[in-house]
There are 2 protein chains.
Amino acid sequence: MSTSRGARQPTIKEVATLAGVSPMTVSRTLAGGVNVRPDLQRRVMAAVAELGYYRNENARSLRPGQPSGLIGVAITNLANPYYGNFALGVEEVAAEHGRRIILGNTGEDPGRERQLVSDFIGRQVDGLILVPTSGDAAHLQQERLGDVPLVLASRRVPGLDVDTVLLDDVGGAYRGTVSLLDAGHTRIGFLGNRSSVFTGERRFRGYEQAMTERGAPIDPSIIARDQQDVDAASRAARAMLDHPEPPTAIFSANNRNTIGALREIGRRIRDGLPGPRPAVVSFDDFELSELMPVPVTVIDHDARLLGREAATLLFARLEGTAEAGATTVELPVTIAHP
Amino acid sequence: MSTSRGARQPTIKEVATLAGVSPMTVSRTLAGGVNVRPDLQRRVMAAVAELGYYRNENARSLRPGQPSGLIGVAITNLANPYYGNFALGVEEVAAEHGRRIILGNTGEDPGRERQLVSDFIGRQVDGLILVPTSGDAAHLQQERLGDVPLVLASRRVPGLDVDTVLLDDVGGAYRGTVSLLDAGHTRIGFLGNRSSVFTGERRFRGYEQAMTERGAPIDPSIIARDQQDVDAASRAARAMLDHPEPPTAIFSANNRNTIGALREIGRRIRDGLPGPRPAVVSFDDFELSELMPVPVTVIDHDARLLGREAATLLFARLEGTAEAGATTVELPVTIAHP
DNA sequence: GCAATGATTGGTAACGTTACCAACCGAAAG
DNA sequence: CTTTCGGTTGGTAACGTTACCAATCATTGC
């Protein structure tokens with residue numbers, strides 16, 4: 001009836017023997033059955049079912065020219081829902097093309113990224129999608145990757161001219177800051193992160209542009225650009241609100257900083273502490289933002305779409321339908337007022 | 001200097017030729033270099049660097065007994081931050097054991113799950129970790145999986161006796177409901193989801209147990225158990241609060257239902273609608289729960305830890321250190337009062 | 001009835017790697 | 001000076017699959 005508990009995987013040869021045909025006939029049947037007699041196909045399928053046979057995809061992709069069907073994906077922080085959605089978008093498009101993803105988490109560590117990339121290549125991935133860390137990029141140079149196409153997401157890498165999907169960081173930050181200025185704020189604090197230099201830098205540039213354009217002073221003492229997690233963001237917000245001349249509004253460059261800032265603002269309200277109740281503009285959406293005790297304007301974007309676009313770019317490259325040079329896609333962001 | 005742009009991956013044979021040794025010496029060097037003269041090792045490493053050679057892991061694992069180094073992971077919804085954290089936990093432990101994860105999203109579709117599992121096995125995964133969908137489980141029977149160990153997470157599958165990691169759903173729901181009863185509530189609504197039968201069922205049981213024990217009536221007209229997403233949850237909460245005799249508190253069995261309920265409650269408060277402002281107990285944490293306009297008690301748990309435990313169970317099985325029978329680990333939950 | 005055609009089937013080799021065995025080397029021991 | 005031994009190196013085969021070619025079979029047209 002069936003193999004015993006814990007038996008090793010049967011081979012195509014065993015299936016062939018049981019079905020009374022050659023391995024070639026089994027292979028052909030499983031490949032679609034062109035030019036195989038229907039009765040033989042039935043016998044093969046019966047043997048496959050009985051033995052619980054699965055084609056060995058690794059052996060299959062050993063033959064030259066055969067794709068492995070794997071896409072390597074390395075992201076910086078899977079715990080961040082933003083990247084979970086990103087991975088989902090990549091997975092969806094990969095599945096539509098009959099591929100699976102191998103997923104690695106770099107934790108912003110360039111060494112880990114390097115290690116992941118070489119493992120992925122060793123597993124013969126058909127392509128790579130990467131949210132790069134900000135370290136050295138020698139391991140991503142085309143000559144190191146051989147014929148494996150690479151798509152970068154969220155961030156660009158200096159000196160690396162490859163397909164990239166980005167958000168409109170500058171424009172979004174600009175428009176978000178303008179909305180605060182329009183509401184009459186002129187003293188606007190900035191919370192952001194440093195290490196993911198690329199987005200942090202771009203979002204700061206948008207903020208700076210808007211402030212400068214409207215003649216609002218940029219005061220370094222209410223600019224904090226070194227917070228990676230919620231607790232650090234909370235502390236930075238606390239310091240900012242304890243400033244002798246505190247800001248009346250805060251621009252937060254990402255999800256982690258927004259949550260931290262709101263936690264601190266909420267604490268002050270709950271404890272009845274005096275001081276400003278700053279309006280907040282948040283780059284990155286979060287759930288229930290409409291229920292916050294201060295008005296929160298959200299600069300929203302679609303991480304899942306970003307993942308889908310990255311994968312689409314990759315498959316265009318794989319199928320040869322991509323343009324010759326490196327393409328950059330910059331996805332729009334939307335601003336939702338409270 | 002280096003291979004040309006877009007060249008195919010070099011083989012071990014080419015490295016051997018360049019280094020002036022046999023492929024065996026290259027293989028041995030890369031495997032750790034036991035019994036290989038240091039000068040030859042240096043020559044090999046130089047050739048590897050020059051050609052940009054990566055060991056072909058697929059060919060490597062073709063030999064019998066060699067592990068592929070891959071763990072197949074299928075989860076139901078990667079967009080849910082809960083599962084993103086779960087995947088991260090699995091990935092961390094897998095990385096500690098030198099393995100990568102292949103990730104697939106089932107979207108609660110049993111057909112997709114079946115397809116993913118057979119692809120994973122075809123890729124010779126060393127093990128499987130699954131958040132099962134609630135369909136038929138024939139494809140998960142041991143005799144179908146051959147020698148590939150399986151660990152289930154979050155949910156159990158009827159008729160499948162394998163290693164499993166669960167949350168203390170019943171106990172958590174019980175204690176959460178008791179906390180509402182202790183606060184004087186007796187009319188408590190229930191929001192939950194049906195299709196992920198297992199957790200939904202268990203959490204309802206905990207609710208039921210607490211209600212019955214305290215003699216609080218269980219009224220089916222304020223029990224809604226069919227919401228999978230935030231919008232459906234919102235609608236269910238609206239109907240519940242429009243009930244002629246609305247509940248004074250709501251037990252929400254998961255994150256999606258909690259967000260939906262709070263969105264509806266917030267809307268009513270903002271619009272100044274009359275009616276109760278129900279207290280909420282939420283199974284699943286969410287950020288900024290302390291800033292909600294009604295008190296929210298959170299039944300919290302660690303999805304990442306759940307992932308780590310699942311992977312730990314799997315590696316115990318792989319390394320033969322696991323017990324003979326199927327193990328079930330039930331992780332505790334914590335209750336955080338507002 | 002016979003040749004030509006196309007459909008069907010099987011054998012062989014190769015993909016890139018490593019386990020196993022055989023061969024060789026130099027050095028130490030007798 | 002020979003033997004022995006451990007360290008070092010290379011050749012061969014096999015892992016499971018499929019492309020390619022050769023062989024076989026039935027069918028059609030003359």
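In what follows, chains carry the letters A, B, and so on, assigned in the order in which the sequence lines appear, proteins first and then strands, with residues in each chain numbered from 1.
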For B:E113 and B:T133, does a side-chain donor sit closer than 3.5 Å to a side-chain acceptor? yes
Examine distances only and state if a side-chain atom of B:E309 and a backbone atom of B:V165 form a donor-acceptor pair shorter than 3.5 Å. no
Is the shortest heavy-atom distance from the side chain of B:R100 to the side chain of A:F120 under 4.5 Å? yes
Decide yes or no for A:L314 and A:V93: does some side-chain heavy atom of the first lie under 4.5 Å from some side-chain heavy atom of the second? no
The helix from C:dG1-D:dC30 to C:dG30-D:dC1: angle between its terminal axes, five pairs each, to 10°? 50°
Contact state string [nucleotides 10-16 of chain D, B base, S sugar-phosphate only, - no protein heavy atom under 4.0 Å]: BB--BBB
With A:Q41 as reference, evaluate A:V21, A:T25, A:L30, A:V36 under the side chain to side chain contact (heavy atoms under 4.5 Å, CB included) test and give the passing residue. A:V36
Any donor-acceptor N/O pair, A:R144 side chain to A:S118 backbone, under 3.5 Å: no
Minimal heavy-atom distance between A:I101 and A:A87, with the atoms involved, is CD1-O, 4.2 Å
Side chain to side chain contact (heavy atoms under 4.5 Å, CB included) test vs B:L140 passes for just one of B:V162, B:L160, B:L128, namely B:L160
Is there a side-chain contact between A:D302 and A:L331 (heavy atoms, below 4.5 Å)? no
Phosphate OP1/OP2 of D:dT17 contacted by A:S27 side-chain N/O (<4.0 Å): no
How long is the line joining CD of A:E14 and C1' of D:dT17, in whole Å? 14 Å
With the threshold set at under 4.0 Å for non-hydrogen atoms, list the residues of residues 31-39 of chain A touching DNA chain C in residue-number order. A:N35, A:V36, A:R37
Look up atom CD1 in B:I71 and atom CD1 in A:I102, then write down how far apart they are to the nearest 0.5 Å. 12.5 Å
Specify the separation, in whole Å, of atom CD of B:E57 and atom P of C:dT17. 10 Å
To the nearest Å, how far apart are B:Q41 CD and D:dT8 C1'? 12 Å
